[in-house]
Amino acid sequence: MLILPVGDEEALIDVLLDELEDNAAKGQVLPKPAPPGSYVSDLRIRDPLSPSGRVVDVFYDLDYQGPPAPSVVQELGNAPVADEVVIPFADLEEIAGRLDELRGQDYRRKAVADIRRHVRGRDGMGVGEILRVKAGPLRVFHAPTGMGKNVLSELVAVWCAQRERVISLVVPQSAQVLATVYRLRRIWPT
């Protein structure tokens, strides 16, 4: 945990992001996979009888078969500088429709339609037919749970991939990183 006095939040965010980038550039060695054997780990679970949750021991037996898989790092390169990315809602609707049709679902189309209908710019006005993503300070995209924010982010990621653009999706937990990668690979296999 890092606690710093905050005077200028934007400057602090820039400093922290620079430090993270510097650490990544140092080529830190990733930990080696655990060798075969038995392991135990603590797992916190929700328990209605305990407000802080309950800790249980989880036992793992790792028994690898065959040689280890090679470690592959995909280099994306630097994203080209863009002051603004303009994404037509019609493109997102087309991607959502194709994916929903392939999977016999309809929640992606509904999410795009709901966001298109309700999203407002900083001035409080509807954004119309175009979703504009501007470079600069981070902004909050605030909407109720279930509105389709995550669906929209994945559709935007597919839109960018179709145009060979680099996009970063930020999620709060490692498990969500894996789940997002899994969903995106199913949506847009490479």
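In what follows, residues are counted from 1 in the order of the sequence shown. Just so it is clear, the structure is predicted and the values come from calculations on it, not from any experiment.
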Using side-chain contact (heavy atoms from CB on, under 4.5 Å), reason through S41 and Y60 one step at a time and then give a plain yes or no. CA-CA 8 Å; S41 177; Y60 299 94; 3.9 Å; yes

Salt bridge (Lys or Arg N to Asp or Glu O under 4.0 Å) for R163 and D91? Distances and angles first, verdict last. CA-CA 12 Å; R163 286 151 185 82; D91 290 358; 3.1 Å; yes

Run K134 and D83 through side-chain contact (heavy atoms from CB on, under 4.5 Å) and show every step you take. CA-CA 6 Å; K134 295 185 179 189; D83 291 331; over 6 Å; no

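Between R108 and D100, the shortest heavy-atom contact is NH1-OD1, 2.8 Å.
Looking at K149, its side chain never comes within 3.5 Å of a backbone N or O of I115 through a donor-acceptor pair. Within the 3.5 Å criterion, the main-chain N or O of A161 finds no donor-acceptor partner in the side chain of R165.
Both L62 and L43 are members of a single hydrophobic cluster when ILVMFWY side chains are connected at heavy-atom separations under 4.5 Å. Linking Ile, Leu, Val, Met, Phe, Trp and Tyr residues whenever their side-chain heavy atoms come within less than 4.5 Å places V133 and M147 in a single cluster. Cluster membership for V58 and L178, using ILVMFWY side-chain heavy atoms within less than 4.5 angstrom, is not shared. Follow the hydrophobic side-chain contacts under 4.5 Å out from V56 and you reach Y39 in the same cluster.
Expressed to the nearest 0.5 Å, how far CG of D114 lies from CZ of R109 amounts to 13.5 Å. Of the inter-residue distances, the one linking Y107 atom OH with L99 atom CG reads 8.0 Å to the nearest 0.5 angstrom.
With contacts defined as side-chain heavy-atom distances shorter than 4.5 Å, the pair V119/F89 qualifies. The side-chain heavy atoms of I87 and L92, taken from C-beta on, include a pair separated by under 4.5 Å.
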